[in-house]
Asks: 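Just passing along the structure, written as structure tokens.
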Amino acid sequence: MGTPLSDSSLLAPLLEVCRRPVIVVGSGIFGSVVAERLAADAGRDVIVLEKRSHVGGNSYSETDPETGIEVHRYGSHIFHTKSEKVFAYISRFARLNAYRHKVLTTSSGRVYAMPISLMTINAFFGKNLRPSEVDAFLADSTEKYRAAEPANLEEKAVSLIGEDLYRAFIRGYTAKQWGRDPKELPAEIITRLPVRHNYNTDYFNDPYQGIPLEGYGKLFEKLLDHPKIHTFLNTDYFDVRDVIPDSAEIVWTGMADRLLDYKYGHLEWRSLRFEWERFDVEDRQGTAVMNYADEDVPWTRIHEFKHYHPERPAFTSGKTVLCKEFPAAWKPGDEAYYPINNGRNRKLYEKYADEIARRPGWHLGGRLGAYQYWDMDKAIEKALELYESAFRP
Ligand SMILES: Cc1cc2nc3c(=O)[nH]c(=O)nc-3n(C[C@H](O)[C@H](O)[C@H](O)COP(=O)(O)OP(=O)(O)OC[C@H]3O[C@@H](n4cnc5c(N)ncnc54)[C@H](O)[C@@H]3O)c2cc1C
């Protein structure tokens with residue numbers, strides 16, 4: 001991409017000299033992968049418009065200038081996938097380190113392993129159960145809740161793991177995450193609550209996982225580093241759309257309802273707020289992510305980013321940087337993090353998606369455009385699919 005451009009007045013002259021350019025709106029993992037394929041595989045000129053001051057969307061990370069620690073600006077991002085195709089693709093732009101993700105949770109002042117495993121159950125109940133004894137042990141506390149069809153999330157969760165584990169690990173976290181009492185949430189939000197019958201405390205089971213050794217910022221730089229890709233930062237599509245010809249092909253990874261001026265109403269989201277703090281200590285919490293299960297603690301997680309890079313000198317620098325994550329209500333204009341995938345929003349989304357699909361040359365994608373929660377590997381897979389179906393020569 002060379003040096004990203006922030007002067008959007010250069011866009012109109014550039015459009016005049018580009019031959020059949022594709023405009024990619026959004027430089028998150030979805031937009032960046034489509035842009036890379038278009039330029040490197042199809043030989044197309046690509047113009048990437050990014051409204052933020054950096055590329056990479058929510059997966060972005062950068063080095064904190066005061067501590068030298070790589071920080072994930074929008075919450076912890078761990079790359080993990082089962083897909084050999086996605087792993088082979090991303091490996092061309094980044095080598096992953098050996099980090100394997102573990103999550104701990106604090107409940108009533110004690111620390112447990114998450115997701116719920118034999119480690120969690122034995123520590124919580126003061127038992128020494130064997131793997132083969134877990135089902136019978138849980139059945140004792142779930143049987144009485146199994147008879148009736150669960151009417152809400154709480155009833156469903158209790159029928160799966162029993163009242164004690166539900167109250168300790170699920171209730172408070174879920175209430176904070178969705179801003180609602182779990183009794184008011186539909187049972188369909190959870191189909192199962194994974195309980196591991198062993199002491200495996202890895203958070204992900206995927207064969208490929210880790211953090212890019214050089215950080216996500218570098219990964220995105222490399223994805224977009226092609227003479228045919230021109231990236232404009234601090235450039236919102238809506239501020240420059242007048243100079244884009246009607247005939248241009250557009251890959252849209254922004255919000256679907258925003259594109260159509262919310263004509264059918266707003267799609268709803270949950271948002272997040274992050275609070276950052278630096279400390280002059282080597283290690284503040286001893287792990288990358290600590291969940292907080294209790295409802296009276298307002299944050300859901302604390303991230304301590306240095307643990308993602310034990311291979312870097314900053315790991316032993318005597319300084320650390322942490323970030324508290326608070327779930328937040330969303331209103332138009334706020335950062336949209338999690339779609340609220342209920343019947344009303346799905347129906348509304350379909351209306352927007354149908355109309356955008358009928359616009360010649362427009363392609364909808366990415367987690368905002370698809371109104372989906374996708375991990376990065378899924379977003380890469382979807383981006384490769386879009387490229388192969390719509391653009392590959
Ligand atoms: C808190 C949190 C933690 C996560 N952790 C993980 C994890 O550990 N592992 C994992 O695999 N995934 C994780 N994810 C998911 C990951 O963030 C997504 O898979 C990824 O962001 C999807 O990329 P995207 O390109 O679809 O969207 P985004 O990253 O959101 O990129 C969209 C881009 O479009 C830009 N844009 C939008 N509208 C406009 C406009 N009008 N004009 C110009 N630019 C515009 C935005 O500024 C943004 O940069 C997490 C998500 C969250 C919310």
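Order of appearance sets the numbers: ligands from 1, and atoms from 1 within every ligand.
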Asks: Are R367 and Y74 in a cation-pi setup, meaning NZ or CZ lies under 6.0 angstrom from the ring centre and within 45 degrees of the ring axis?
Replies: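 Checked: cation-pi criterion not met.
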Asks: Need the ligand 1 atom indices (1-based, order shown) with element for anything under 4.0 Å from a heavy-atom of F238.
Replies: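 Listed by number with element, the hits are 41 (N).
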Asks: To the nearest 0.1 Å, how far is atom 5 (N) of ligand 1 from its closest protein heavy atom, and which atom is that?
Replies: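 Residue, atom and distance for the closest contact: S76 O, 3.0 Å.
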Asks: Please write down residue, atom name and distance for the protein heavy atom closest to atom 11 (O) of ligand 1.
Replies: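 The closest one turns out to be M376 N, 2.7 Å.
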Asks: Does a side chain donor of either D283 or H307 reach within less than 3.5 Å of an acceptor in the other side chain?
Replies: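 Distance-only check passes for D283 and H307.
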Asks: Could you list which atoms of ligand 1 come closer than 4.0 Å to a heavy atom of I78?
Replies: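 What qualifies from ligand 1 is 7 (C), 8 (O), 9 (N), 10 (C), 11 (O).
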Asks: Going by heavy atoms, is G75 under 4.0 Å from ligand 1?
Replies: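 Checking ligand 1 against G75, which is what was asked, there is no heavy-atom contact under 4.0 Å.
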Asks: For ligand 1, find out whether one of its N or O atoms is nearer than 3.5 Å to an N or O atom of F274.
Replies: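 The answer is no, given that F274 and ligand 1 share no N or O pair closer than 3.5 Å.
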Asks: For ligand 1, is there an N or O atom under 3.5 Å from any N or O atom of Y74?
Replies: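 For ligand 1, there is no N or O atom that lies under 3.5 Å from one belonging to Y74.
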Asks: Are F169 and M290 in one and the same hydrophobic cluster, where Ile, Leu, Val, Met, Phe, Trp and Tyr link if side-chain heavy atoms are under 4.5 Å apart?
Replies: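 Per the 4.5 Å side-chain linkage, F169 and M290 are not co-clustered.
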Asks: Need the ligand 1 atom indices (1-based, order shown) with element for anything under 4.0 Å from a heavy-atom of G57.
Replies: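 Close to G57: 29 (O), 31 (O), 48 (C), 49 (O).
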Asks: Heavy-atom distances under 4.0 Å are what count here, so tell me which part of S32 touches ligand 1: side chain, backbone, both or neither.
Replies: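 Neither; nothing of S32 gets under 4.0 Å from ligand 1.
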Asks: Donor-acceptor pair, distance only, cut-off 3.5 Å: does the side chain of R52 make one with the backbone of G57?
Replies: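 Judged by distance alone, yes, a pair lies under 3.5 Å.
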Asks: Which residue supplies the protein heavy atom nearest to atom 44 (N) of ligand 1, what is that atom called, and how far is it?
Replies: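 So the nearest neighbour among protein heavy atoms is K51 N, 3.1 Å.
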Asks: List every atom of ligand 1 that sits less than 4.0 Å from any heavy atom of S59, numbering the atoms from 1 in the order shown and giving each element.
Replies: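 Result: 20 (C), 21 (O).
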Asks: Just by distance, do the side chain of E277 and the backbone of L322 share a donor-acceptor pair under 3.5 Å?
Replies: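 Such a contact is absent between E277 side chain and L322 backbone.
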Asks: Describe, in one word, how the ring planes of F391 and Y387 are oriented to each other, choosing from parallel (under 30°), tilted (30 to 60°) and perpendicular (over 60°).
Replies: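 Rings of F391 and Y387: parallel, as their planes differ by under 30°.
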Asks: Purely on distance, is any nitrogen or oxygen of R367 under 3.5 Å from one on ligand 1?
Replies: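 Between R367 and ligand 1, an N or O pair is found under 3.5 Å apart.
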Asks: Show which atoms of ligand 1 fall inside a sub-4.0 Å distance from at least one heavy-atom site of G366.
Replies: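 Per the distance check, 26 (O).
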Asks: I'd like to check which ligand 1 atoms, numbered from 1 as shown, lie under 4.0 Å from a non-hydrogen atom of G254.
Replies: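 This gives 37 (C), 38 (N) as the contact atoms.
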Asks: Give a yes/no on ligand 1: does F79 have at least one heavy atom closer than 4.0 angstrom to it?
Replies: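 Contact check F79 vs ligand 1: negative.
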Asks: Can you confirm if the NZ or CZ of R258 lies within 45° of the ring axis of F238 and under 6.0 Å from the centre of its six-membered ring?
Replies: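 Yes, a cation-pi geometry.
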Asks: Using a 4.5 Å cut-off on heavy atoms from C-beta on, say whether the side chain of L165 contacts that of F125.
Replies: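 Yes, close enough: below the 4.5 Å cut-off.
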Asks: Tell me, please, whether F279 has R284 positioned over its six-membered ring: NZ or CZ under 6.0 Å from the ring centre and within 45 degrees of its axis?
Replies: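 That pair qualifies as a cation-pi contact.
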Asks: Is the closest N or O pair between E50 and ligand 1 shorter than 3.5 Å?
Replies: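 N/O-N/O distance below 3.5 Å exists for this pair.
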Asks: Can you check whether F204 has an N/O within less than 3.5 Å of an N/O in ligand 1?
Replies: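 The answer is no, given that F204 and ligand 1 share no N or O pair closer than 3.5 Å.
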Asks: Could you tell me whether the side chain of K319 and the main chain of E66 form a donor-acceptor pair under 3.5 Å?
Replies: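 No, K319 side chain to E66 backbone: no donor-acceptor pair under 3.5 Å.
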Asks: Hey, is T235 one of the residues with a heavy atom under 4.0 angstrom from ligand 1?
Replies: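 Heavy atoms of T235 do come under 4.0 Å of ligand 1.
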Asks: For Y166, is the NZ or CZ atom of R171 found under 6.0 angstrom from the centre of its six-membered ring and inside 45 degrees of the ring axis?
Replies: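 Ring-cation test returns no.
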Asks: Run down the list Y237, Y373, W374 and name the one with the heavy atom closest to atom 14 (N) of ligand 1.
Replies: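 Selected option, by shortest heavy-atom distance: Y373.
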Asks: Number the atoms of ligand 1 from 1 as they appear, then name those within less than 4.0 Å of a heavy atom of L272, with their elements.
Replies: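 This gives 1 (C) as the contact atoms.
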Asks: Please state whether Y60 comes within less than 4.0 angstrom of ligand 1, counting heavy atoms only.
Replies: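 Y60: no contact with ligand 1 (<4.0 Å).
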Asks: Between the main-chain N or O of G109 and the side-chain N or O of T106, is there a donor-acceptor pair closer than 3.5 Å?
Replies: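 Answer holds: no.
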Asks: Under 4.0 Å from ligand 1, counting heavy atoms only, is it the side chain of N58, its backbone, both or neither?
Replies: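 Both of them.
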Asks: For residues 67-81, pull every pair meeting salt bridge (charged side-chain N to carboxylate O under 4.0 Å, His left out), keeping only residues two or more places apart or in separate chains.
Replies: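 Counting only pairs at least two positions apart or across chains, the salt bridge (charged side-chain N to carboxylate O under 4.0 Å, His left out) contacts touching residues 67-81 are E62-R73, E70-R312.
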Asks: With distance as the sole criterion, is a donor-acceptor pair present between the side chains of H72 and S61 under 3.5 Å?
Replies: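 No donor-acceptor contact under 3.5 Å links the two side chains.
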Asks: Show which atoms of ligand 1 fall inside a sub-4.0 Å distance from at least one heavy-atom site of Y337.
Replies: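 Result: 53 (C).
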Asks: Are W269 and Y371 near enough that their ring centres are under 6.0 Å apart?
Replies: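 Ring centroids of W269 and Y371 are less than 6.0 Å from each other.
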Asks: Determine the minimum heavy-atom distance between E50 and H54, stating which atoms define it.
Replies: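 The pair with the smallest heavy-atom distance is CG-O, 3.4 Å.
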Asks: Compute the shortest N/O to N/O distance between W252 and ligand 1 and return yes if it is under 3.5 Å, no if not.
Replies: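 No.
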Asks: Tell me, which protein residue and heavy-atom name are nearest atom 2 (C) of ligand 1, and how many Å apart are they?
Replies: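 Of the protein heavy atoms, Y338 OH, 3.7 Å lies nearest.
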Asks: Identify, for atom 41 (N) of ligand 1, the protein heavy atom at the shortest distance, and state residue, atom and that distance.
Replies: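 Nearest neighbour among protein heavy atoms for atom 41 (N) of ligand 1, to 0.1 Å: D236 OD1, 3.1 Å.
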Asks: So which protein heavy atom does atom 23 (O) of ligand 1 come closest to, and at what separation?
Replies: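 For atom 23 (O) of ligand 1, the nearest protein heavy atom comes out as I29 CG2, 3.3 Å.
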Asks: What residue and atom, counting heavy atoms only, is the protein's closest point to atom 31 (O) of ligand 1, and at what distance?
Replies: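 For this ligand atom, the closest protein heavy atom is G28 CA, 3.4 Å.
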Asks: Does V25 approach ligand 1 within less than 4.0 angstrom via side chain, backbone, both or neither, non-hydrogen atoms only?
Replies: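 The side chain, only.
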Asks: Cation over ring, K351 on Y264, under 6.0 Å and within 45°?
Replies: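 Yes, K351 lies over the aromatic ring of Y264.
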